[in-house]
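Below is one structure, written out as structure tokens, with a few remarks after it.
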Amino acid sequence: MRHRMVVVEGSYAVAHAVKVCKPNVISAYPITPQTHIVEDLSQFAADGEMNCEYMNVESEFSAISALIGASAAGARTYTSTTSQGLALMHEALFNASGMRLPIVMTVVNRALSAPINIWNDQQDSISQRDTGWIQLYAEDVQESADMTPQLYKIAEDEDILLPAMACMDGFILSHVYEPVILLEQSLTDEFLPDYSPEFVLDPKNPMSFGAFADPSTYTEFRYKQEKAMGVALKRIEEVAIEFSEKYGRYYGGLLDGYMLEDAEIVIMAMGSVIGTIKDTIDMLRKEGERVGLLKVRSFRPFPADEIRKALKNAKVVITLDKNISVGKNEGALCTEVKACMYNNRDVLAPVIGFMLGHGGRDIPISTIVKMINKAKLVEKGIFIESEFADLREDLA
Amino acid sequence: MKLIIKTVVKPGSTRANKTGAWRSFMPVFDHKLCSKCGICEIYCPEGVVNKLENGFFEPDYEYCKGCGICANECPKKGIIMVLEGK
Amino acid sequence: MKEIRIHGRGGQGSVTAAELLAVAAFEDGKFSQAFPAFGVERRGAPVMAFVRLDEKPIRLRSQIYEPDYVIVQDATLVDVVDVARGTKPDGFILINTEKSPEHFKMVTKATIKTLDATKLAMDFIGKPIVNTTLIGAFAGVSGIIRPESIKNAVMERFPGKVGEKNAAAIQAAYDMMEAQR
Amino acid sequence: MSLLKPGHRGCAGCCDALAGKFVLDAVGEDCIVVSPTGCLEVFTTPYPESAWGVPWIHSLFENAAAVASGVEAALKAMGKMNNTKIIAIGGDGATMDIGLQAISGAFERGHDFTYICVDNEAYMNTGIQRSSGTPMYASTTTSPAGKASFGNPLNKKNMPAIIAAHGSPYVATASVAYAPDMIRKVKKAAAIKGPTYVHVHAPCCTGWKFEGSKTIEVGRLAVETALWPLYEMEKGEVTGVRKIKNRKPVEEYLKAQGRFKHLFTMEGGAEEIKKIQATADWNVKHFGLE
């Protein structure tokens, strides 16, 4: 494996993965820290390495809108954005999903303004939770790149047809140089079938897209979207396995466990912090602590059943959120993990939510150890509902 | 059964909706006055004033909403609007 | 795992130096990770970049607080940035300066090493761009990366004459610092 | 038979339906139509029905030009462009207000498509609110005439000039009341390579408050009074105008519509009408209409 690796920037690895998926139309607007992806893609296009239309549009809103048109015309489409750009797309995200257009987008996760802050957290994609997009979160550069063909395969499945976001942490993954295997064109050609939708904008078969639905028909659109998410739930797992058989790499499907079997304290998290948590667990395991990790790879669809199964033996669950629902004093993962446990008796472990890493605040091992120690207080009957794990007391 | 809802709809399928029921006045075409200029056909917002084989025009009353543009625009005043049911 | 912190000014190529170290170390058989201290600094402002090297794949994603090694691209930074901060006692701080190590009074147990990389760069490359020369020197002081790997990484990044000149500077810097090891 | 099929839910006497029909008459079957949100979109496509006999897509209110540019890019990328015409048809609000940025971007990028603004001079779909297409002194639900107001205090935005400033190869104004002229212009616009624009004046019986049978008559008056000049621009230069014989005073146009009624009943209305007449006079001079 090592001999096939090269040290490249995360953004380059993703751009390269996009290239081998052969999108017909790419439309994007530059925004830090996503810029390198679109710069690399522009360069590929300029060098004649991609047979695609690369559109320099005047805003993220037009970027996604152009792809709605292109996807309806039957094209495989790609864009990437972050933060404010994703927020600007918000309205069109619902539209792309409602029209069942399998657009794939890399979201380079970054905080939202105000105050303006260009660094990583996951508030941007979490805030698009209900738009009907599939959302997977990557833990490293390789996974960020590998998600691209996986998501095309899932999104374009004729029983799914939903747009999808590959979420990678801004800077931490987009700007890191590390050894990766650049996706091989030949393997990708074998792995990813052509996109050939049943209906496209075609004068020879002139269908109408985006009709107006009144109360007598609207509900079923939502119902079928939800059903498609259910299909995606299975497909994400299957495609991850198909990918591992073809490329030899696996990061979990919906979830992935690390030292989970006998873990009493289970940490749940998404994105690049997974690696740091693994190192923390290795360290604590040496000290005899029974700590494990449950990585959430798929946030939409949300794998509630699988989470309950995975947490069966947990005594305490810790969730890490690089986001907050202001007014709930919780991050989204915390809320959803708690919610999926309520109506059954499979898991009785308390869930402690920690919010951290906002606006790029670093998450060192010491912060994770601090959270684990707090979780242990549950045994003594001290229970924390949810809190910021890395507040600066001098500013708070 | 396919889970995917048909988000697309078939061309021209509004024809299922017979808008003739909207009409309170109906245009009556007097062929004796007609010069076959075709203005009634051009300016029908429903696109349902049709040219007959003999070159005269008649609206499709299944869809005609009775807006009266044809009557207003007819240069020969050969179309009159008559209250429905009369 | 070995951790390196590079101090420079915006525009001096600190991130490139980190990237090249990561590429070279990987060629040497190590796993590597290089990343900038993400900021909005513009040309001239003090900046940092980080490198991790290990025998096994690197999963840790936090910033580097206790580096084994520090590289300082510009001695004037010493007055404005605590370049020694957190450096491990058995590590070193490599500073680009014509001055000797004794000149630098820092609160650190780490060894201070100096090298006039600017002069070397001027001699070999013809420009005061010191990042490649300094990573050659770093290889010489640390002994953890082969100079050939550094040169290969640089020549791949800057093909042709430019790469060759840089490689010559790297070798010279390596030799000078290896002699002091 | 028209490619815009009957059974749609447009008002009796609808100008938008006429405009849509004329556009399809002009471009024929080999086209793809993009509609932003608006009357035309809503009344032609109540799920699961569509009045469109050609491929058609609606996405959102403000993005039709971007969607159309994406359709064009996709056809190009997939080698399917052939001779297919990409047509966006938007109302005045979708064009001149909320969709302006996307239009600017698409025209700047130079996509091969035609944008048609069907201008009925207010947000009719939502209940006759003022847009930047609303002419001065028209009473709308958000610029109502009242004791202290003659209605909309602002002049209509000069959208054709904005498009022309983008270097568009062809910009024209048209009116649903002049069908052959409009069809000719749309046909010409669609045939010219690059982003082209036709701005169509479309009297709305509901919003302007006149009988549905008068749609064409009112549209004609706008042209005959020189309040809606018909002209063509190529690469920014006016290359053709429709001359007016026996120009009518603007009162004739204003009187035909309820939205200007207050100008004839309120004290000082006559003075304000002079300002509207001045606009018409300026048009005559500027475009050489006589």
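Note on naming: letters A, B, ... go to the chains in the order of the sequence lines (proteins, then strands), and numbering restarts at 1 for each one.
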Side chain / backbone / both / neither for D/Ser69 at chain A, heavy atoms under 4.5 Å: both

Which atoms form the tightest heavy-atom contact between [X] and [Y], and what is the distance?
X        : Y        : result
A/Leu201 : D/Ile32  : O-CD1, 3.6 Å
A/Pro203 : D/Cys31  : CG-O, 3.8 Å
D/Ala73  : A/Met55  : CB-SD, 3.6 Å
A/Glu91  : D/Leu60  : OE2-CD2, 3.6 Å
A/Ala73  : D/Leu75  : CB-CD2, 4.3 Å
D/Thr45  : A/Ala211 : O-CB, 3.4 Å

In this structure, are over 12 heavy atoms from other groups packed under 6.0 Å from [X] atom [atom1]?
X        : atom1 : answer
D/Glu237 : CD    : no
D/Glu108 : CD    : no
A/Ile116 : CD1   : no
A/Asp130 : CG    : yes
D/Lys157 : NZ    : yes

Would you say [X] and [Y] make side-chain contact, with heavy atoms under 4.5 Å?
X       : Y        : value
D/Glu72 : A/Glu53  : no
A/Met99 : D/Ile57  : yes
D/Thr44 : A/Phe212 : no

Point-to-point distance, once rounded to the nearest 0.5 Å, from [atom1] of [X] to [atom2] of [Y]:
X        : Y       : atom1 : atom2 : result
A/Ser208 : D/Trp56 : OG    : CH2   : 6.0 Å
D/Gln101 : A/Glu58 : CD    : CD    : 5.0 Å
A/Ser65  : D/Glu62 : OG    : CD    : 7.0 Å

For the candidates [options], which exhibits the highest count of non-hydrogen atom pairs separated by less than 4.5 Å from chain D?
options                     : value
A/Ser216, A/Gly74, A/Ala63  : A/Gly74
A/Thr77, A/Asp202, A/Asp214 : A/Asp202
A/Ile68, A/Leu67, A/Val57   : A/Val57

Backbone of D/Ser59 reached by a side-chain donor or acceptor of A/Asn95 within 3.5 Å: yes

Donor-acceptor under 3.5 Å (D/His58 side chain, A/Gly210 main chain):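 The answer is yes, because a donor-acceptor pair under 3.5 Å joins these two groups.
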
Between D/Val33, D/Ile86, D/Val54, the one whose heavy-atom pairs under 4.5 Å with chain A are most numerous: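 Maximum pair count with chain A is reached by D/Val54.
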
Toward chain D, the part of A/Ser27 with a non-hydrogen atom under 4.5 Å: neither

Atom group of A/Asn205 that falls short of 4.5 Å from chain D, counting heavy atoms: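 Answer is neither: A/Asn205 stays 4.5 Å or more from chain D.
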
Centroid-centroid distance, A/Tyr218 to D/Tyr47, less than 6.0 Å: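 Ring-ring flag for A/Tyr218/D/Tyr47: false, centres at least 6.0 Å apart.
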
salt_bridge(D/Glu29, A/Lys204) N-O dist < 4.0 Å: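 No, no charged N to carboxylate O under 4.0 Å.
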
